[in-house]
Amino acid sequence: MARAEELRVAAPRPRSSEPVKGEAARRPGGTSTGRLARLLALVPYVVNRDAVALDEAAAAFGVTEKQLIDDLNMLWCVELRAPDPYCPIDLSYEGGEITVTEAESIARPLRLKADEAAALLVALRMLAGLPELHDRDALSRLIAKLEEAAGAAAQAAGKVAVEVETRGDALARLRAAIDARRRVHLTYYVPTRDENTERDVDPMRLLVVEGTTYLEGWCRRAEAVRLFRLDRVTGLTVLDVPADVPDGAEPIDVDAGLFRPSPQDETVTMELTPRGRWVADSYPCESVAELGEGRLRVVLRTPDTRWVRALALRLGDQGRIVSPPSLAGAVRDDAARALALYDIV
């Protein structure tokens with residue numbers, strides 16, 4: 001499962017004004033990461049006010065009442081089991097008013113295991129190394145406090161370094177475009193077609209997924225939300241045009257993985273030798289089956305089979321395409337044309 005961090009991480013703050021057009025799609029509240037932050041902030045927000053009207057709380061967190069009710073139903077499932085055997089939080093939103101009682105357990109200090117503290121320190125240090133990070137001083141103080149409390153776990157975390165690759169000043173310029181709500185023009189390299197494409201994008205947010213930085217935005221060329229790897233952005237211009245993300249644009253839930261198969265995708269079955277097993281680790285597979293003697297059968301889904309043909313040629317005798325037969329035949333033709341250039345066939 002993909003692990004993701006937004007480059008600007010903050011719990012939702014109460015808002016006094018209605019969201020402007022497209023704002024809901026740009027806020028982190030529309031993602032699983034944003035929802036977690038909202039859930040963490042929601043209970044203290046209500047407790048500090050004794051009772052809050054449902055519509056008032058929804059406006060404060062910049063979500064619809066339906067989204068807020070979904071959050072409240074999620075909180076019904078929250079249970080703290082330590083140190084007491086059973087510590088439920090009593091929550092109610094009947095009559096359009098939210099009340100929370102028996103919530104003293106949330107004031108308990110958080111206790112982390114050594115591996116949890118080490119993992120958290122590694123993640124925080126990665127965030128601290130990002131260019132143009134907001135609230136860098138606050139993050140540095142948090143890291144120092146956690147290092148002091150973690151002891152030996154902090155020493156273990158210090159042996160791990162995570163570097164996030166970016167391309168030139170693209171990250172800083174994209175952050176500025178997001179803050180100013182400006183459209184950007186990208187020259188974007190598409191490796192499956194080995195070509196540069198031109199497109200206008202209304203930025204929504206910046207993400208780091210498995211150490212790679214992405215821009216998420218409304219692509220005017222595709223008329224849909226798309227993710228763009230910054231290391232494939234070969235040209236960037238911030239336009240003097242306001243970004244206009246449609247109201248219905250939904251952020252991509254990257255916690256479920258970046259691969260999004262569609263019913264129109266081609267299904268490709270490959271058989272791999274023991275030396276070709278790396279394909280199952282390097283590409284998203286719908287299924288992986290052991291065939292014995294270290295061999296694998298993998299099933300891939302793709303909207304464009306050109307990269308699969310290139311992969312099959314790269315594999316050589318380490319694997320072969322089983323189906324569809326037309327794709328296997330195309331690979332044989334590719335191999336024959338390549339060999340003909342060397343007067344081998």
Side-chain angles (χ1 to χ4, degrees), residues 2 165-168 170 185-201 209-215 217 219-236 252 254 257-345:
E165 294 185 359
T166 59
R167 190 178 186 91
H185 179 81
L186 302 180
T187 302
Y188 189 71
Y189 175 68
V190 181
T192 55
R193 299 197 298 268
D194 191 25
E195 66 178 12
N196 285 322
T197 60
E198 305 291 332
R199 58 190 78 203
D200 289 348
V201 177
V209 184
E210 296 180 345
T212 301
T213 310
Y214 293 84
L215 167 69
C219 177
R220 298 254 150 211
R221 173 173 169 166
E223 288 298 313
V225 177
R226 291 289 186 265
L227 288 174
F228 302 95
R229 285 179 54 148
L230 262 61
D231 59 354
R232 293 178 183 166
V233 174
T234 60
L236 168 64
I252 297 172
V254 294
L258 294 178
F259 179 59
R260 294 290 190 277
S262 88
Q264 291 75 37
D265 289 351
E266 183 90 36
T267 300
V268 179
T269 302
M270 302 185 71
E271 290 185 357
L272 307 169
T273 70
R275 290 194 301 147
R277 292 175 66 98
W278 57 268
V279 172
D281 298 323
S282 303
Y283 296 91
C285 299
E286 275 206 338
S287 65
V288 179
E290 293 283 351
L291 298 177
E293 299 180 347
R295 296 179 301 119
L296 289 181
R297 177 182 290 115
V298 299
V299 177
L300 310 170
R301 293 277 296 280
T302 179
D304 189 337
T305 58
R306 282 177 290 184
W307 71 269
V308 182
R309 290 164 63 172
L311 173 63
L313 293 174
R314 177 184 174 190
L315 281 169
D317 63 356
Q318 296 178 19
R320 67 186 184 96
I321 293 176
V322 177
S323 67
S326 58
L327 183 58
V331 171
R332 284 193 293 270
D333 293 342
D334 291 341
R337 283 192 295 270
L339 292 172
L341 296 175
Y342 297 91
D343 295 325
I344 297 177
V345 294

Kindly compute the distance separating [atom1] ([X]) from [atom2] ([Y]), expressed to the nearest 0.5 Å.
X: E198; Y: Y188; atom1: CD; atom2: OH; answer: 13.5 Å
X: L327; Y: R332; atom1: CG; atom2: CZ; answer: 10.0 Å
X: L186; Y: N196; atom1: CG; atom2: CG; answer: 11.5 Å
X: H185; Y: R199; atom1: NE2; atom2: CZ; answer: 10.0 Å
X: I321; Y: L311; atom1: CD1; atom2: CG; answer: 7.5 Å
X: T267; Y: R301; atom1: OG1; atom2: CZ; answer: 4.5 Å

Please examine the side chains of [Y] and [X], heavy atoms only from C-beta on, and report whether any two atoms are closer than 4.5 Å.
X: R226; Y: V201; answer: no
X: L272; Y: V298; answer: yes
X: V322; Y: R320; answer: yes
X: R275; Y: D317; answer: yes
X: V233; Y: L215; answer: no

Restricting to non-hydrogen atoms, name the atom on [X] and the atom on [Y] that form the minimum distance, rounded to 0.1 Å.
X: L300; Y: C285; result: CD2-SG, 3.4 Å
X: A280; Y: L296; result: CB-CD1, 4.0 Å
X: L227; Y: Y214; result: CB-CD2, 4.1 Å

**Asked** Between D333, D334, D304, which is the residue that forms a salt bridge (Lys or Arg N to Asp or Glu O under 4.0 Å) with R309?
**Response**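 Among the candidates, only D334 passes.
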**Message:** How about CD on E223, more than 12 heavy atoms from neighbouring residues, nucleotides or ligands closer than 6.0 Å, or not?
**Reply:** yes
**Request:** Assess the side chains of S323 and T269: does a donor N or O sit below 3.5 Å from an acceptor N or O?
**Result:** yes
**Asked** Can you name the side-chain hydrogen bond (donor to acceptor under 3.5 Å, both in side chains) partners of R220, sequence neighbours left out?
**Response** D202
**Message:** By the definition side chain to side chain contact (heavy atoms under 4.5 Å, CB included), identify the one residue from E290, R295, Q318 that meets it with R277.
**Reply:** E290
